[in-house]
Amino acid sequence: MKEIKIAFIGAGSMAEAMISGITESRTVKRENIYVTNRTNRERREELVLKYGIQAMHTEELPYEEMDAFILAMKPKDAEKAMKPLKEKIQPEQTILSVLAGISNQFIEACLHGGQQVIRVMPNTSSMIGESATALSPSPNVSMENVWMAEELMASIGKVFVIKETQMDLFTGIAGSGPAYFYYLMESIEKTAEENGMDPEMARKAGAQTILGAAKMMMSREETPAQLRENVTSPNGTTAAGLEAFKFNGGGHAIAQAILSAAERSKEMSEQLEEAILVK
Ligand SMILES: NC(=O)C1=CN([C@@H]2O[C@H](COP(=O)(O)OP(=O)(O)OC[C@H]3O[C@@H](n4cnc5c(N)ncnc54)[C@H](OP(=O)(O)O)[C@@H]3O)[C@@H](O)[C@H]2O)C=CC1
Ligand SMILES: O=C(O)[C@@H]1CCC=N1
């Protein structure tokens with residue numbers, strides 16, 4: 001990747017996860033990564049110490065020097081956040097927005113018509129370069145800027161270029177997805193502890209089991225159903241476990257988690273964008 005300067009507008013957990021992955025991959029020089037927020041000076045200082053990047057108040061950023069901005073404030077703060085940015089960001093500068101539920105159209109309406117906007121949905125596994133990240137470029141984004149965004153996001157994990165209409169569902173599957181597996185692990189640890197097993201050992205065994213299953217699905221030709229059948233001996237332990245899983249609504253619970261998260265993403269779009277897009 002050619003040498004670029006990027007600035008995170010927002011310094012929270014998502015920004016940090018991406019900064020961690022990008023600095024680890026050395027895709028962008030540390031001194032060319034900027035992060036800003038409005039109030040939390042300690043947070044800025046913490047990120048400088050941890051990652052050797054540049055941090056400053058949003059008003060102090062040298063906007064004209066940036067090749068790309070990553071919007072990483074909360075969706076509810078988006079409109080207010082972009083008001084002062086309109087006069088500081090040029091239409092040809094690239095905006096990568098990780099804001100759940102916020103559309104490219106909304107960002108163009110807040111900034112400039114024809115703004116180079118790419119909607120991005122990463123997850124916190126960016127922290128270790130293992131994100132599942134979706135990209136949905138606005139129609140007028142140049143191929144050069146799409147390639148830059150793809151290369152930048154490839155430094156934090158796997159990249160999937162999708163239609164923006166699929167972004168709500170992708171958010172439900174992968175943006176929020178890590179939380180479902182963390183919740184699964186909480187149940188594994190609790191069950192172990194309640195039955196006399198060291199929960200720390202259960203966590204390590206459970207995490208290795210999830211990691212192994214994930215790597216099997218990424219490296220083998222078999223479908224998940226075939227891989228599941230390979231585990232399931234007739235009338236054995238797995239058959240008993242899966243029967244209980246299905247009887248207690250396991251598959252339905254996962255489907256409902258994904259669809260509820262996707263619905264919330266859609267709802268956030270409707271709630272937050274109505275005022276601007278109706279104007
Ligand atoms: N957490 C996750 O797993 C994922 C989150 N996302 C998205 O990432 C975004 C950030 O989420 P998350 O990191 O969890 O949120 P946080 O609340 O942790 O961070 C938000 C950050 O934005 C800053 N901020 C708020 N308003 C402004 C502003 N006007 N200018 C500059 N900085 C501002 C806040 O600092 P201050 O108040 O000091 O300005 C804070 O540093 C959200 O839109 C979320 O939908 C997407 C995928 C996954
Ligand atoms: O919970 C949220 O809204 C953010 C977006 C996807 C993951 N976390």
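Side chains included, hydrogens not; waters and symmetry mates left out as well; all remaining heavy atoms used. Start at 1 and go down the list; that is how both ligands and their atoms are numbered.
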Heavy-atom protein contact below 4.0 Å for atom 5 (C) of ligand 2: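 So atom 5 (C) of ligand 2 has protein heavy-atom neighbours under 4.0 Å.
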What is the closest protein heavy atom to [atom], and at what distance does it sit?
atom: atom 16 (P) of ligand 1; value: Lys74 NZ, 3.7 Å
atom: atom 35 (O) of ligand 1; value: Asn37 CB, 3.5 Å
atom: atom 31 (C) of ligand 1; value: Thr58 OG1, 3.1 Å
atom: atom 10 (C) of ligand 1; value: Ala72 O, 3.3 Å
atom: atom 41 (O) of ligand 1; value: Ala11 N, 2.9 Å
atom: atom 1 (O) of ligand 2; value: Ser176 OG, 4.6 Å
atom: atom 12 (P) of ligand 1; value: Ser13 OG, 3.8 Å
atom: atom 27 (C) of ligand 1; value: Arg38 NE, 3.3 Å
atom: atom 46 (C) of ligand 1; value: Val98 O, 3.3 Å

Ligand 1 N/O within reach of Ala81 N/O, cut-off under 3.5 Å: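 No, Ala81 has no N/O under 3.5 Å of an N/O on ligand 1.
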Contact check: Ile9 vs ligand 1, nitrogen or oxygen atoms, below 3.5 angstrom: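 Ile9 vs ligand 1: no N/O contact under 3.5 Å.
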For Gly175, atoms of ligand 2 separated by under 4.0 Å from a heavy atom: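 Those of ligand 2 that fall under 4.0 Å from Gly175 are 6 (C), 7 (C).
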Numbering as shown, the atoms of ligand 2 that approach Ala100 to under 4.0 Å (heavy-atom distance):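 Near Ala100, meaning under 4.0 Å from one of its heavy atoms, ligand 2 has 5 (C).
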Candidate with minimal heavy-atom separation from atom 2 (C) of ligand 1, of Ile102, Val120, Thr124: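 Nearest heavy atom to atom 2 (C) of ligand 1 lies in Thr124.
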Shortest reach to atom 9 (C) of ligand 1 by a heavy atom, considering only Met14, Arg43, Met73: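 Answer by nearest heavy atom: Met73.
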Can you list the atoms of ligand 1 that are under 4.0 Å from a heavy atom of [X]?
X: Ala100; result: 43 (O), 45 (O)
X: Leu99; result: 43 (O)
X: Thr39; result: 36 (P), 37 (O), 38 (O), 39 (O)
X: Pro75; result: 42 (C), 43 (O), 45 (O)
X: Asn40; result: 38 (O)

Verify whether one side chain among [X] and [Y] offers a donor that lies under 3.5 Å from an acceptor in the other.
X: Ser138; Y: Asn104; result: no
X: Asn37; Y: Arg43; result: no
X: Thr232; Y: Thr238; result: no
X: Asp168; Y: Thr171; result: no

Close side-chain approach of Leu272 and Leu99, heavy atoms under 4.5 Å: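 They are not in contact (no side-chain heavy atoms under 4.5 Å apart), so the answer is no.
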Non-hydrogen atoms of Ala100 and Met268 that approach each other most closely: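 Closest pair (atom of Ala100, atom of Met268, distance): O-CE, 3.5 Å.
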Closest non-hydrogen atom pair between Met56 and Pro62, with its separation: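 So the two residues come closest at SD-CD, 3.9 Å.
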Exam field: side chain Gln93 to backbone Gln90, donor-acceptor pair closer than 3.5 Å: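 Indeed, once roles are kept as given, a pair shorter than 3.5 Å links the two residues.
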Check: Ser260 side chain, Ala257 main-chain N or O, donor-acceptor pair, under 3.5 Å: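 Checked: no pair found.
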Nearest-0.5 Å distance that lies between atom NZ in Lys83 and atom SG in Cys110: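 Nearest 0.5 Å value for the NZ-SG distance: 7.0 Å.
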Distance (rounded to the nearest 0.5 Å) between Met197 CE and Ile188 CD1: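 CD1 of Ile188 is found 11.0 Å from CE of Met197.
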Check: Tyr63 ring centre within less than 6.0 Å of Phe69 ring centre: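 Yes, they do, as the ring centres are separated by less than 6.0 Å.
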Among Asn32, Asp67, Val28, side chain to side chain contact (heavy atoms under 4.5 Å, CB included) partner for Glu3: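 Of the listed options, the one satisfying the test is Asn32.
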